[in-house]
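Heads up: the structure comes next, in structure tokens.
All residue numbers refer to positions in the sequence shown, counting from 1.
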Amino acid sequence: MSWLSAFKRTGEWGPKGFDVTSRWLESTLEVARWENMRRAGRRWGWWGSALGAALGLLVFAPASWLAASLSSSTSGRLVLAEAEGTVWTGSAVAVLTGGPGSRDARALPGRLGWTLRPQGLGLKLQLTQDCCLPAPVGLIVKPGWAAVSVQLLTASGSAQGVVGQWPAAWLGGLGTPFNTLQLGGVMTLRTQGLNLQWVKGRFAMDGDADLSLSRLASRVTTLNELGSYRLSLSGSGGGAVSLQMQTEEGALRLSGSGAIGPTGVRFLGEATAAEADRGALNNLLNIIGRRTGDRSVISIG
């Protein structure tokens, strides 16, 4: 009868044993859920930290990043030296150089300041500089599919008018022949509806731009002034951008035409001197182009 009593005892503790097993299983599942929640919390914590770091890096990106990008895109010819602040708000010294390895460099006085802010589907870059920009100048940058467009807003805030003025001596930083000519005078940029585009690496321009060279002078001649000149650029958004140079007044007479296209810049012009000033301008004519009699032929591209 011992087996029967054992069976009875089994029947007595069976349900209780099942209850104990259920509680153990629930406890195990609770621990598993807690572990899953803890792992999920840890993952979200890592993602949150990474996102916060990325946003912090974006918001506080140093101005040196913008300087490096500009230097790279201009082959080292336009440099933002001593950059301070961030990509979004900063300042630097604008320097023209002859490119990598060049010993020529010329800085503008004072500092160039900028602010970069989102605007619509693009960005608005605003530039200020006491020496050369009479009022803040805006650039509206709109990225697209394999393309970027840049609209220039003048100092008056419109799409036409005076952008700014710069000393002609600044060009000396580009090296030959400007470092030899040691120019004096003022460069003034005026634009009308200027829009620049880069589509799949190709440059296009829509609108007009005039660069005036006023009271131009050079140390390689004894004349106080060479004259005043205008370089005009015009584009229709497709094809080449036309170039035209003409003399407004002066002893040195410059003229020529050309284009900016997929293969680069092409320009053919000539320089001559008024008969009374040929002696004083003879050395200058030898420097700026290929001498042919009384003319100096200027050829680029």
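One distance of note links OG of Ser232 with CG of Asp210; it measures 3.5 Å at 0.5 Å rounding. For the atom pair Ser242 OG and Leu233 CG, the distance stands at 7.5 Å (nearest 0.5 Å). Note: Arg230 CZ to Gln244 CD = 12.5 Å, rounded to the nearest 0.5 Å. Note that CE of Met187 and CH2 of Trp170 are 6.5 Å apart. Values are rounded to the nearest 0.5 Å. Taking OG of Ser149 as the start and CG of Asn195 as the end, the distance is 5.5 Å to the nearest 0.5 Å. Here the straight-line distance linking atom NZ of Lys124 with atom CD of Gln119 works out to 5.5 Å at 0.5 Å rounding.
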request  = Could you walk me through whether Val79 and Leu70 pass the side-chain contact (heavy atoms from CB on, under 4.5 Å) test, one step at a time?
outcome  = CA-CA 7 Å; Val79 176; Leu70 181 62; over 6 Å; no
request  = Using the side-chain contact (heavy atoms from CB on, under 4.5 Å) rule, take Leu78 and Leu96 through it: C-alpha gap first, then chi angles, then the decisive distance, then the call.
outcome  = CA-CA 5 Å; Leu78 179 57; Leu96 282 182; 4.1 Å; yes
task = Dump the intermediate steps for side-chain contact (heavy atoms from CB on, under 4.5 Å) on Glu84 and Arg111, then the final yes or no.
result = CA-CA 10 Å; Glu84 298 177 353; Arg111 297 181 67 85; 3.6 Å; yes
query = Is there a side-chain contact (heavy atoms from CB on, under 4.5 Å) between Val150 and Ile140 once you walk through the steps?
reply = CA-CA 5 Å; Val150 178; Ile140 308 298; over 6 Å; no
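Using modelled atom types, one side-chain atom of Ser73 and one backbone atom of Ser69 make a donor-acceptor pair closer than 3.5 Å. Side chain of Ser102 to backbone of Asp104: a donor-acceptor contact under 3.5 angstrom is found. Panel note: side chain Tyr229, backbone Arg215; no donor-acceptor pair is recorded below 3.5 Å. Put simply, the side chain of Thr247 gets close to the backbone of Leu254: a donor and an acceptor are under 3.5 Å apart. The backbone N or O of Gly99 sits less than 3.5 Å from a side-chain atom of Thr97, completing a donor-acceptor pair. When atom types are taken as modelled, the side chain of Thr86 and the backbone of Thr89 share a donor-acceptor pair closer than 3.5 angstrom.
Residue Arg117 places its CZ atom among more than 12 non-hydrogen atoms of other residues, nucleotides or ligands, all under 6.0 Å distant. Glu82 CD: 12 or fewer foreign heavy atoms inside a 6.0 Å radius.
Side-chain heavy atoms closer than 4.5 Å link hydrophobic residues (I, L, V, M, F, W, Y) into clusters, and following such links, even through other members, never connects Trp166 to Val186. Under a hydrophobic clustering in which Ile, Leu, Val, Met, Phe, Trp and Tyr are joined whenever their side-chain heavy atoms come within less than 4.5 Å, directly or via other members, Val265 and Leu213 fall into the same cluster. Two different hydrophobic clusters hold Val95 and Leu66 under the rule that ILVMFWY side chains link at heavy-atom gaps under 4.5 Å. Under a hydrophobic-cluster definition in which Ile, Leu, Val, Met, Phe, Trp and Tyr are linked whenever side-chain heavy atoms come within less than 4.5 Å, directly or via other members, Leu174 and Ile300 are assigned to the same cluster.
In this structure, Leu243 and Ile260 have side chains that are in contact, with non-hydrogen atoms separated by less than 4.5 Å. With contacts defined as side-chain heavy-atom distances shorter than 4.5 Å, the pair Lys142/Val148 does not qualify.
Looking at residues two or more places apart in sequence or on another chain, you find a side chain to side chain contact (heavy atoms under 4.5 Å, CB included) between Ala63 and Ala83, Trp114. Contacts of Thr191 classified as side chain to side chain contact (heavy atoms under 4.5 Å, CB included), with partners at least two apart in sequence or in another chain: Leu152, Thr154, Val163, Leu189, Leu194, Ala209.
Residues Pro143 and Val141 approach most closely at CD-O, 3.7 Å, considering heavy atoms. Asn224 and Ala217 make their closest contact through O-CB, 3.3 Å (heavy atoms, listed as atom of the first residue, atom of the second, distance). The minimum heavy-atom distance between Leu183 and Phe178, with the atom names listed, is CD1-CD2, 4.0 Å. Residues Ser212 and Arg190 share a closest heavy-atom pair of OG-NH1, 3.5 Å. For Arg253 against Ala274, the heavy-atom pair with the smallest separation is NH2-CB, 3.8 Å. Nearest heavy-atom pair across Ala169 and Arg106 is O-NH1, 3.1 Å.
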Just distance, no hydrogens or angles: give the donor-acceptor pairs under 3.5 Å from side chains in residues 291-298, sequence neighbours left out.
residue, atom, partner, partner atom, Å
Arg291, NE, Gly293, O, 2.8
Arg291, NH1, Asn282, O, 3.4
Arg291, NH1, Asn282, OD1, 2.9
Arg291, NH1, Asn286, OD1, 2.8
Arg291, NH2, Asn282, OD1, 3.0
Asp294, OD2, Arg278, NH1, 3.4
Arg295, NH1, Glu270, OE1, 2.6
Ser296, OG, Leu285, O, 2.7
Ser296, OG, Gly289, N, 3.2

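Of the listed residues (Leu181, Ile287, Leu226), just one forms a side-chain contact (heavy atoms from CB on, under 4.5 Å) with Thr221, and that residue is Leu226.
Residues Gln165 and Thr188 have side chains that bring a donor and an acceptor to within less than 3.5 angstrom of each other.
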